[in-house]
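Beneath this line is the structure, given in structure tokens, with notes to follow.
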Amino acid sequence: GQSLEQPSEVTAVEGAIVQINCTYQTSGFYGLSWYQQHDGGAPTFLSYNGLDGLEETGRFSSFLSRSDSYGYLLLQELQMKDSASYFCAVRDYTGGFKTIFGAGTRLFVKA
Amino acid sequence: KAGVTQTPRYLIKTRGQQVTLSCSPISGHRSVSWYQQTPGQGLQFLFEYFSETQRNKGNFPGRFSGRQFSNSRSEMNVSTLELGDSALYLCASSFEPGQGTFSSTEAFFGQGTRLTVV
């Protein structure tokens with residue numbers, strides 16, 4: 001089967017940097033995505049890593065190590081509006097394509 | 001370009017009843033996935049459809065079913081509702097890139113249907 005692990009909660013102060021880790025187990029790994037979801041809202045796409053390395057999009061960066069089955073999302077210059085849940089998601093092709101989400105990390109940004 | 005539209009937004013049903021939820025993907029997107037979201041459980045994968053074919057199914061009982069039409073619109077059905085089926089049901093659509101290139105399959109989510117079973 002497939003499984004993803006990420007911390008349930010992270011707290012950081014405004015202006016700081018925070019890293020949310022994600023480890024996964026799957027036999028048909030294709031790529032790792034990150035999504036943000038505010039309370040009452042729909043998940044929105046943040047980034048994708050198909051190959052090893054770092055992808056940067058503004059204040060957000062995402063990293064993938066396929067050999068370690070590990071990735072992380074890095075948020076810099078934290079703002080209050082970054083308080084949300086962050087999900088890592090594995091694109092898997094075992095038995096046909098599907099995207100499996102982790103349980104999510106709740107980020108609290110304090111002033 | 002219109003986003004993903006899910007109807008209805010809210011639904012209250014009684015145990016034992018059945019329900020059908022609808023999802024209209026972004027124009028040009030042929031892949032539609034369904035997820036169940038409950039507090040603290042993340043998004044649980046239900047099914048993924050591509051060009052009217054179910055590509056994969058999650059670990060849900062047979063009471064959960066779905067289909068996709070030729071215009072890529074999708075429906076999911078839950079029969080014999082149980083209290084535990086109360087959740088937010090999310091639909092996501094994506095444009096299907098070429099395979100074998102590890103390219104992104106960015107999913108665009110609808111606002112969801114909030115189902116309450118009483």
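By convention in this document, chain letters (A, B, ...) are assigned in the order of the sequence lines, proteins followed by strands, and residues within each chain are numbered from 1.
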Query raised in the report: Does atom CD1 of B:I12 have more than 12 heavy-atom neighbours, drawn from other residues, nucleotides or ligands, at distances under 6.0 Å?
Result: no
Requested in this report: Decide if atom CD of B:Q54 counts as having more than 12 heavy atoms of other residues, nucleotides or ligands within a radius under 6.0 Å.
Outcome: yes
Query - Options A:S85, A:P43, A:A89, ranked by heavy-atom pairs under 4.5 Å with chain B, top entry - result: A:P43
Query - Enclosure of A:Q19 CD (heavy-atom neighbours >12, cutoff 6.0 Å) - result: yes
Query raised in the report: Is A:T99 close to B:S33 at the side-chain level, that is, under 4.5 Å between some pair of heavy atoms?
Result: no
**Report entry** Minimum-distance pair of heavy atoms, taken over all atoms of A:A42 and B:G110
**Finding:** CB-O, 3.1 Å
**Report entry** Minimum-distance pair of heavy atoms, taken over all atoms of A:F101 and B:L43
**Finding:** CB-O, 3.8 Å
Query - Shortest non-hydrogen contact between A:K98 and B:N56, atoms and distance - result: NZ-ND2, 3.3 Å
Query raised in the report: Can you check whether A:F97 reaches B:E48 side chain to side chain, under 4.5 Å on heavy atoms?
Result: yes
Requested in this report: Return yes when atom CZ of B:R15 has more than 12 non-hydrogen atoms of other residues, nucleotides or ligands closer than 6.0 Å, and no otherwise.
Outcome: no
Query raised in the report: Within a reach of under 6.0 Å around CD of B:E52, are more than 12 heavy atoms found that belong to other residues, nucleotides or ligands?
Result: yes
Requested in this report: Examine whether an atom of B:Y35 lies under 4.5 Å from a heavy atom of chain A, and if so say whether it belongs to the side chain, the backbone or both; otherwise answer neither.
Outcome: side chain
Query raised in the report: Given the side-chain rings of B:F109 and A:Y35, with only the six-membered ring counted for Trp, is the space between their centroids under 6.0 Å?
Result: yes
Query - Cluster overlap A:L75 with A:F45, hydrophobic side-chain contacts below 4.5 Å - result: yes
**Report entry** Least distance between heavy atoms, B:L90 atom then A:Q37 atom
**Finding:** CD1-NE2, 4.4 Å
Report task. Please name the pair of heavy atoms, one in A:G41 and one in B:Q111, separated by the smallest distance, quoted to 0.1 Å. Result -> CA-OE1, 4.3 Å
Query - CG/B:N71: more than 12 non-hydrogen atoms of other groups inside 6.0 Å - result: yes
